[in-house]
Amino acid sequence: MQLEASINRPGEIPVSPAIRANESLHEDLTAKWFLISSISYFFIVGIVALAIAAKFVWPQLLGTIPYLSYGRLRPLHVNGMLFGWLLAADMGLSFYLVPRLCGVKLWSERLGLATVGLWNAIILSAVVSTLMGWNQGLEYAELPLPLDIAVVVAWVMFGINIFGTVATRKYTQMYVSIWYTLGTILWTAFVYLTGNFAVLFATGVNQANLNWMYVHNAVGLIFTPVGLALAYYFIPKSSNSPLHSHKLSMIGFWSLAFVYVWTGAHHMIHGPISQWLQTISIVFSVMLLIPVWAVVYNFFATMRGQWDQMRNNVPLKFLMTGVVFYLLTCFQGPMHSLRSVNAIVSKTDWIPGHAHMAVLGAFSFFAIAGCYYTVPRIFRKTLHSEALANWSYWLFLIGGVGFFVTLWLGGFWQGWQWNNPAIPFIDTVIALQPVWLVRFFSGVLMFGGIVAFAYNILATMIGTERQPSQ
Amino acid sequence: MRDYVYPSVFFAYFYFFLLMVGALFFFVRTCRDGYWGSRSEEAKYRMLVDEEEINLHRGDQDEQK
């Protein structure tokens, strides 16, 4: 209660001497460089995304140049968006929020800057390796072994810095965002090592099973927890409203921790793995509704009486739209893991529609909101343009919804056609051309959102200084 | 060529077991550290208090005086 009261009476909180002298306790160099590089990759890889969406409509595009073939551009797009943009932005935002929640400086800015340097070297090398076709041939695990090892080293550096900061925290109890960030670090270690190293020593069905465990948990145990860490931090901060229930957020965290890892095998339903393993993956997929509802209810309850802020608050628009997409994608997941639904949608365009709603619609929206919130603060600048920020929101939203819905409908249609042995496969490809045309134009809108967002943030970084009263 | 399927699968299970033990340990600790008791909501109020912004407002108030 004392803490609650102190929010309305600023000045009663002990403030460190550095802060008192109008200097920030936090240098934020690592956060700045992670955000600059991640937003740059978002733009560059966005061009690649457009190119491969265009190739669906105009297969002759870019000719027969091997470096620009679909088989090489697609892994570049996937890895570039996942690791170049989203995970790098998540790491940068973690470097911003964890020291603040702990009330101390980042454990080591020097180690953080070394992590940024190594991460950029990995991403640039990944661009070369994927374009050259040096590829392990495993979904989400395409990077060659030396780069996998470099990712592990960079992740250990990131983990040491975050754990070191948390170990020196001022407060015993950790806010839920710290729990999710620490969970991300540990779960990523498990998921990445299994998906990129253990999988190389397995063969056949066991290899496929390990690979899909990795693919699903790359989203579920890497991007989900770190994305929720951001949402749990930025929703209360942006709306200036306390979280509805911290206890409920902890229930969500622990139920995610104990449920998510079992769900990967639902990618192989009706495949050659044991029926009992398929059933386990279905049961745990449905159980995911528990952590999801705990999270989503908490966010909506936090916003009770605050919805009017959505009119002018761009970070909040991205955040709450991301929460809606999170709810939808996490409702879809359990439903299409059911055997009857899976028989139609598995391996169809439905799946990229679903995956894009999770990674772009939910987690990238959280990261974009985080960038809009943090960049003016850490660079001590005013946001370059509120209007442009609104434009970026609407472009992402309209383009995103067009993309997701088109692929769900197209995927369902495709699945029905595939289940009819009288229809030749090539006819199902021809039938989907209008779907892919809409997908391309939706992609153009989303790329417009990326351009508006990236330009706005970079212009903010080099823009005019913020006045003290702002 | 030797078959490494079982060692790799058992490696994954072993690693998973380690994480499971770690998760159980920290889950039990949350009970001790008051995450489920009457003090469980303190963290959500504390996170809203931003030392930097407090100082900024205090600086404004000082200027007005």
Side-chain angles (χ1 to χ4, degrees), chain A residues 1 3-4 6-7 10-11 13-16 19-20 22 24-26 100-101 103 171-177 179 182-183 186-187 189-190 193-194 197-204 206-207 209-210 213 232-233 236-237 240-247 249-250 254 257-258 261 377 468-469, chain B:
Chain A
M1 278 295 118
L3 275 166
E4 188 177 7
S6 70
I7 293 166
I13 305 295
V15 180
S16 65
I19 297 293
R20 218 178 277 283
N22 212 13
S24 175
L25 176 68
H26 311 285
R100 281 165 176 79
L101 288 173
Y171 320 106
T172 308
Q173 269 197 15
M174 298 185 297
Y175 182 63
V176 64
S177 294
W179 281 96
L182 298 182
L186 295 175
W187 295 327
F190 163 63
L193 285 178
T194 306
F197 296 95
V199 73
L200 300 178
F201 296 99
T203 53
N206 287 296
Q207 188 183 47
N209 192 25
L210 277 182
M213 195 281 305
Y232 272 116
Y233 183 82
K237 281 289 199 182
N240 201 24
S241 313
L243 183 69
H244 169 66
S245 168
H246 196 257
K247 202 182 283 184
S249 71
M250 294 302 291
W254 285 107
F258 288 114
V261 78
R377 285 171 171 77
S469 58
Chain B
M1 183 185 160
R2 289 186 62 187
D3 185 357
Y4 292 101
V5 167
Y6 282 101
S8 60
V9 171
F10 286 133
F11 165 79
Y13 283 153
F14 174 67
Y15 204 175
F16 176 59
F17 171 75
L18 286 182
L19 279 182
M20 190 77 185
V21 170
L24 284 171
F25 172 76
F26 283 109
F27 180 70
V28 171
R29 267 200 66 170
T30 60
C31 304
R32 202 189 68 186
D33 291 343
Y35 285 92
W36 308 103
S38 56
R39 289 172 48 235
S40 63
E41 300 300 318
E42 282 180 12
K44 76 180 187 189
Y45 296 114
R46 192 175 57 231
M47 68 83 67
L48 281 175
V49 179
D50 192 329
E51 290 188 347
E52 289 162 295
E53 296 201 355
I54 289 169
N55 186 56
L56 207 60
H57 292 309
R58 181 190 284 164
D60 293 346
Q61 286 165 2
D62 290 347
E63 279 176 18
Q64 284 168 4
K65 283 176 191 172

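These numbers come from the heavy atoms of this one structure, side chains and all, not from hydrogens, waters or symmetry mates. Numbered from 1 within each chain, the chains take letters A, B, ... in sequence-line order.
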So which part of A:L210 gets closer than 4.5 Å to some heavy atom of chain B, the side chain, the backbone, both or neither? side chain

Rounded to the nearest 0.5 Å, what separates atom CD in A:Q173 from atom CZ in B:R39? 5.0 Å

Could you check if a side-chain atom of A:L182 sits within less than 4.5 angstrom of a side-chain atom of B:F26, using non-hydrogen atoms only? no

With distance as the sole test, does B:R46 use its side chain to make a donor-acceptor pair with the main-chain N or O of A:Y171 at under 3.5 Å? no

Heavy-atom pair with the smallest gap, counting every atom of B:M47 and A:L101: CB-CD2, 3.5 Å

What part of A:S241 gets within 4.5 angstrom of chain B, counting heavy atoms only: side chain, backbone, both, or neither? backbone

Over all heavy atoms of both residues, which pair between A:H246 and B:E41 is shortest? Give the atoms and the distance, please. N-OE1, 2.7 Å

Per-residue tally against chain B (heavy atom, under 4.5 Å) across A:W187, A:F197, A:W179 peaks at A:W179

Gap separating the CE atom of A:M174 from the OG1 atom of B:T30, nearest 0.5 angstrom: 9.5 Å

Looking at side-chain heavy atoms only, is the closest gap between B:L24 and A:F258 below 4.5 Å? yes

Tightest non-hydrogen contact, residues B:A43 and A:Y175, listed as O-CD1, 3.8 Å

Where do B:K44 and A:H244 come nearest, in terms of heavy atoms and distance? NZ-O, 2.8 Å

If one checks every heavy atom of A:M213 against chain B at 4.5 Å, the contacting part turns out to be neither

